[in-house]
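For reference, the structure is listed below as structure tokens.
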There are 2 protein chains.
Amino acid sequence: MDFSSFLTSLATSFIIFVVLMLLFTWLSRKPGNKEIYYPNRILKGLDPWEGGLRTRNPCAWIKEALTSSEQDVISMSGVDTAVYFVYLSTVLGILVLASVLLLPVLLPVAATDDNVKLQSQSTSNGTFNDLDKLSMGNITEKSSRLWAFLLATYWISLVVYYLLWKAYKHVSALRATALMSPEVRVEQFAVLVRDIPPPLEGQTRKEQVDSYFKAIYPDTFYRSLVITDNKEVNNIWEEMEGYRKKLVRAETVYLESKTNGNPEGTKPTNKTGFLGLLGEKVDSIQFYNEKINELIPKLESEQKVTLKEKQQASAIIFFTSRVTAASASQSLHAQLVDTWTVMDAPQPSELLWKNLPINYYERQMRQYVVYVIVALMIFFYMIPIGIISAFTTLENLEKLLPFLKSVLEQKAVRTVLGAYLPQLALIIFLAILPKFLLFLSKTEGIPSESHAVRAASGKYFYFTVFNVFIGVTIGGTLFSSFKTIEKHPSQIVNLLASSLPSNATFFLTYVALKFFVGYGLELSRIVPLIIFHLKKKYLCKTETEVKEAWAPGDLSYATRFPGDMLILTIVLCYSVIAPIILVFGVIYFGLGWLILRNQALKVYVPTYESYGRMWPHMYLRIVATLVLFQLTMFGYFGVKKFVYAPILIPLPILSLIFAFVCHKKFYRAFQSTSLEVAASHLKETPTMDQIFGSYVQPSLSHEKNEDDQFEDALSQVSRSVSMA
Amino acid sequence: MDFSSFLTSLATSFIIFVVLMLLFTWLSRKPGNKEIYYPNRILKGLDPWEGGLRTRNPCAWIKEALTSSEQDVISMSGVDTAVYFVYLSTVLGILVLASVLLLPVLLPVAATDDNVKLQSQSTSNGTFNDLDKLSMGNITEKSSRLWAFLLATYWISLVVYYLLWKAYKHVSALRATALMSPEVRVEQFAVLVRDIPPPLEGQTRKEQVDSYFKAIYPDTFYRSLVITDNKEVNNIWEEMEGYRKKLVRAETVYLESKTNGNPEGTKPTNKTGFLGLLGEKVDSIQFYNEKINELIPKLESEQKVTLKEKQQASAIIFFTSRVTAASASQSLHAQLVDTWTVMDAPQPSELLWKNLPINYYERQMRQYVVYVIVALMIFFYMIPIGIISAFTTLENLEKLLPFLKSVLEQKAVRTVLGAYLPQLALIIFLAILPKFLLFLSKTEGIPSESHAVRAASGKYFYFTVFNVFIGVTIGGTLFSSFKTIEKHPSQIVNLLASSLPSNATFFLTYVALKFFVGYGLELSRIVPLIIFHLKKKYLCKTETEVKEAWAPGDLSYATRFPGDMLILTIVLCYSVIAPIILVFGVIYFGLGWLILRNQALKVYVPTYESYGRMWPHMYLRIVATLVLFQLTMFGYFGVKKFVYAPILIPLPILSLIFAFVCHKKFYRAFQSTSLEVAASHLKETPTMDQIFGSYVQPSLSHEKNEDDQFEDALSQVSRSVSMA
């Protein structure tokens with residue numbers, strides 16, 4: 001890519017960004033769009049345009065984002081989001097501090113040398129552009145100017161250590177403060193126990209669990225909730241909920257038809273057969289009411305059966321004290337590790353109920369199987385996609401789906417499909433990859449959504465870094481020079497390093513595209529806006545349906561974070577080789593911070609809270625990136641035949657020691673709640689019944705009190721125990 | 001070594017053993033020796049010759065050892081000893097099961113081949129003996145007879161897995177039963193807390209600790225004992241105790257002199273100067289009384305100063321419930337791992353008080369420094385010893401110690417010294433090695449004696465296995481063929497393997513010597529017997545002094561176990577190559593079990609109880625030995641050019657998986673007490689005051705109650721807290 005096309009691409013991206021910004025300013029001020037641009041504020045019961053924010057100033061949102069405090073983020077969007085901002089600002093800090101020293105020093109040092117020119121003169125097919133002159137590739141071999149680049153490597157490493165250490169300390173304090181909250185948080189009073197051994201003869205699961213925990217915690221045990229196999233009861237309940245929704249919709253339609261000049265109104269009807277297309281035509285309101293009334297007794301009897309007979313080897317235990325719950329989750333309960341496994345309870349909303357009864361060894365096996373699958377996928381994902389691409393040619397498509405033949409034979413369609421079909425498998429694969437990785441993580445037997453998301457995010461990180469960064473860099477070079485590698489395996493690093501500077505421009509364009517277009521779309525929310533308006537106009541009838549149409553979802557840092565890490569990896573690895581990339585890195589993370597701050601405060605609503613548990617993963621991956629950077633630099637100094645390159649050897653070792661010390665000092669507090677934190681005072685005495693109730697699934701909750709059920713999975717301490 | 005000299009050495013060892021056995025039978029029946037042969041029974045208040053055991057039958061002790069149950073061992077000698085017997089019987093079981101298949105199959109297979117004969121004919125300097133004919137060395141290369149040896153390798157591995165799994169399960173149950181004991185064990189009610197941060201302004205350490213734990217455990221916290229710097233007070237107390245002992249001794253001497261026909265008696269005297277050799281002569285009884293009376297007020301004031309002003313950043317916390325103590329020891333208390341570190345309290349008798357105030361980072365640093373020192377010692381211990389040996393020649397000795405010149409010039413002395421002096425450094429080094437390793441382990445900052453002993457035992461294991469087994473086997477071979485290795489590093493295994501069979505005879509003799517002479521001396525206790533009688537006759541005057549003279553000490557498995565492991569390593573590694581070694585292994589562990597059972601029941605008294613915590617180490621080292629065996633066999637099959645050798649590759653992998661699964665399943669219960677175990681019922685309610693008292697060091701215990709000391713390190717919950 002030559003310099004002018006690089007500038008063109010940059011300019012195009014920037015223009016798109018400006019257009020999207022203007023769109024945002026214009027659209028966000030229309031009251032009809034407030035559900036798209038301020039859903040978080042609306043759901044929290046706040047005024048969308050509080051304090052005269054609906055001004056003509058198109059930069060008002062920037063000012064607001066900049067002046068917002070961390071406390072605002074926590075109260076609007078939770079600790080997890082705040083931790084994500086700590087990540088963003090730490091990375092931004094690293095890049096800014098790196099720029100401050102590297103740009104004024106390294107650019108002149110590189111520009112005044114002339115290696116690129118020399119090389120392009122000596123080799124006939126040499127091409128070079130103005131950007132290459134600003135990179136380390138322009139330094140002649142063995143030049144003493146390389147000292148400046150070597151010191152720059154040290155500078156960046158030290159900056160990373162310093163800022164990461166500060167950030168870890170800060171996040172640790174954030175987590176502690178959140179956990180010390182004087183408000184009652186239900187998950188702090190419960191633990192999750194799995195791998196319960198089979199009960200004794202004549203003992204129900206419930207009795208077994210109650211007597212076990214009552215013996216260990218005579219004073220603080222409140223009651224237990226035995227996990228049941230809810231498949232049946234959930235099915236019935238969902239069916240009923242479906243009818244309820246349809247009933248409300250039918251009633252709304254009926255009400256609307258009355259106002260439309262027809263005082264009698266038309267009763268909505270529907271067909272009872274397949275998809276409402278076939279079968280008898282009936283009065284909807286009457287039909288749904290009948291269906292619901294039919295299901296109620298069925299649901300109640302299934303509830304009883306489920307609670308009594310479908311109890312599983314897992315339970316949630318409630319304590320009257322936060323300290324007991326915190327200490328119970330950290331203690332070994334049974335002599336053998338594979339029975340009575342206790343861990344801290346996830347929030348009720350994020351519990352993966354189906355995974356709870358999976359036993360210890362199955363969990364372990366599933367985990368290893370998933371790891372193997374992911375590893376294979378990372379290394380060999382091109383193979384199945386290649387095979388699928390080979391089969392999805394136009395000819396095959398015509399054979400398999402003959403009814404498409406007439407369409408496929410049109411020339412325009414043929415051209416477009418011919419161009420995209422071979423890559424279709426890859427495009428589809430990359431689109432569904434995050435979902436597939438989340439599915440795999442859940443298959444491991446992980447008990448909570450947030451944990452599964454963390455696991456999926458890790459897998460996605462390895463996938464992107466390995467395939468995009470290493471893949472592109474080594475790319476074709478590797479295969480063409482495969483014979484060299486076979487003879488000297490140690491030259492892989494050299495090879496990687498020597499192909500680095502020529503790839504710098506490619507990555508510059510990539511980063512620029514990513515931040516201008518990506519963040520422009522993020523801020524303007526064009527796609528959700530269009531979908532919302534379409535749905536509102538043509539599909540939604542009831543209040544609930546409209547609300548569902550604008551539900552903003554959460555920040556989904558699980559997929560965001562690996563993307564950021566990829567950018568950081570690219571920027572960090574090229575920071576010394578082509579320092580100009582730092583400018584783009586600073587813009588990416590600066591713009592990201594600003595725009596996501598706006599989105600966190602006004603748009604996204606978190607679905608769960610893990611109190612910053614993803615931080616240790618974030619920090620570890622930054623260190624991993626740093627090590628990759630240090631190794632790359634070591635290799636590249638080798639290519640430049642710089643005899644002082646071994647001075648860099650202590651750096652990766654230092655990084656490992658740094659990671660180890662941080663892990664030792666901080667990590668345990670992220671694994672579990674420390675007791676001094678759990679022992680802080682509560683504002684009010686917790687209502688245990690309410691805490692218990694929040695863990696009961698809606699399909700199992702009774703609407704009336706029943707006192708005679710003291711043996712089922714939800715009941716109070718069973719009578720036999722409480723009388724003993 | 002030829003066959004006849006091997007037989008001679010075997011016969012000599014056996015005769016020594018028989019003589020020692022007869023000596024034991026004769027000596028142990030004399031009532032005057034009962035303190036040497038039955039000290040454990042005497043200390044437990046039992047009759048040494050209970051139930052007509054003092055018969056003429058010289059094998060009565062064997063019968064008694066064989067019929068004793070594990071419960072007897074636990075009640076006489078504790079769980080640790082019982083676990084050591086589980087180790088012995090597991091190893092014995094492994095070797096017996098191996099013998100049952102290997103001896104009848106492999107010996108004929110080996111004996112009927114003739115590789116050794118062929119080789120000794122073809123090479124001029126070949127020597128062979130009858131033992132070599134029974135080994136795998138006698139099988140010709142690529143012979144299909146090697147299949148038998150390959151299957152034998154599998155058989156042994158499977159036997160080890162099976163028996164180790166059973167043993168681990170058994171030990172885990174043993175530990176649980178012991179911890180569930182209905183008797184009050186003081187250490188189960190306490191935790192040790194270290195790394196306490198500096199107290200707030202105007203707060204004493206004691207107040208800080210009390211308020212911290214009272215906030216977390218409002219119901220079960222009893223009181224705390226802040227660790228103090230006891231150096232001064234201990235010095236004074238020890239001085240006083242010394243005088244007290246001397247006083248008792250002087251009084252006894254005085255009393256004795258009265259009965260000796262002199263009704264007035266002679267008052268004992270002593271000189272007050274250096275070592276009682278110089279200075280004024282005074283009446284001992286009066287002098288010591290004066291000294292003691294002088295020290296009492298000094299001790300009391302120092303006690304007050306210590307308790308109030310020398311409080312350290314460490315404390316022992318007492319709870320009224322075993323469950324709370326067990327769960328507290330496993331829970332994270334502070335947000336940062338390096339403050340308020342909590343662990344289960346060791347028994348009072350084994351606490352290493354000096355190590356308690358060492359802070360987190362210092363402990364970590366000390367640990368790594370010690371590891372490096374030990375690693376250097378294992379690999380390079382010959383270097384300093386060689387240097388010392390080079391300097392300790394007769395000539396240098398004469399120069400340094402000229403007054404010895406006349407002695408050294410005698411011919412007989414010269415000959416003996418000339419022979420031993422060069423090895424003197426080595427001999428001294430090997431004699432003090434276990435003590436030195438224990439010293440190093442204590443320097444790490446480990447808080448309890450039993451833990452330090454385990455750590456020392458591990459270091460000793462690596463030292464012996466590395467230096468004796470690998471050292472002897474590779475030995476000279478390595479240096480002579482150093483050039484081969486430099487070119488082909490992968491041939492180390494081959495080299496090791498090809499030198500194996502020729503070393504088998506050497507090790508056979510070593511094992512035989514070790515069990516016959518070693519266990520003969522152990523059983524007959526000749527050395528302690530002689531020392532006891534000499535001391536009793538010439539030195540001891542008082543009851544206490546006699547008791548100290550026969551104090552049996554403990555089983556000291558810390559040094560015993562690495563010795564056993566060395567034997568097991570040798571036997572296991574040679575078991576397939578020269579199966580005859582299995583016979584010696586069985587005798588070693590069989591005899592060991594028998595003789596140590598006798599010693600455990602009658603002689604040794606355990607000084608502490610760690611509830612089998614050394615088992616995970618034992619088991620892991622057996623697995624390590626097994627892997628070494630499997631690798632050796634793989635190498636040796638390679639030497640024999642057996643193409644099916646790769647069939648052995650799954651074995652080491654299987655061993656690692658086995659070790660991992662065992663570790664996962666059982667280990668955590670050895671790290672800490674599981675709550676279900678701690679929750680079992682006690683026979684009586686514990687007297688908390690007594691529990692607390694057992695942790696107060698004698699130098700700090702008050703003889704009178706003082707109510708006004710509510711601020712010092714031993715006092716009850718301080719007033720400011722209890723009133724809050």
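Just so we're on the same page: letters track the sequence lines, and every chain starts at 1.
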In terms of heavy-atom proximity below 4.5 Å to chain B, should [X] be classed as side chain, backbone, both, or neither?
| X | value |
| --- | --- |
| A:Tyr361 | side chain |
| A:Gln364 | side chain |
| A:Ala215 | backbone |
| A:Lys169 | neither |
| A:Phe670 | neither |
| A:Thr673 | backbone |

From the list A:Ala669, A:Ala678, A:Ala679, the residue making the most non-hydrogen contacts under 4.5 Å with chain B is A:Ala669

Do you know which of A:Val661, A:Leu332, A:Leu336 has the most heavy-atom pairs with chain B at a distance under 4.5 angstrom?
A:Leu332

Distance in Å, [X] [atom1] paired with [Y] [atom2], rounded so as to fall on 0.5 Å steps:
| X | Y | atom1 | atom2 | answer |
| --- | --- | --- | --- | --- |
| A:Ile216 | B:Thr324 | CD1 | OG1 | 11.5 Å |
| B:Trp340 | A:Leu675 | CH2 | CG | 12.5 Å |
| A:Lys664 | B:Tyr360 | NZ | OH | 4.0 Å |
| A:Ser672 | B:Gln330 | OG | CD | 11.5 Å |

For the side chain of B:Gln335 and the backbone of A:Ser674, is there at least one donor-acceptor N/O pair under 3.5 Å apart?
no

Main-chain N/O of A:Tyr212 paired with B:Glu676 side-chain donor or acceptor, under 3.5 Å:
no

Which one of B:Arg175, B:His681, B:Gln671, B:His333 has the most heavy-atom pairs closer than 4.5 Å to chain A?
B:His333

If you count heavy-atom pairs within less than 4.5 Å of chain A, which of B:Ser680, B:Ser172, B:Ala326 leads?
B:Ser172

Please step through side chain to side chain contact (heavy atoms under 4.5 Å, CB included) for the pair B:Phe666 and A:Val337, ending with a clear verdict.
CA-CA 6 Å; B:Phe666 299 108; A:Val337 173; over 6 Å; no

Tightest non-hydrogen contact, residues B:Ser327 and A:Ser327, listed as OG-OG, 2.9 Å

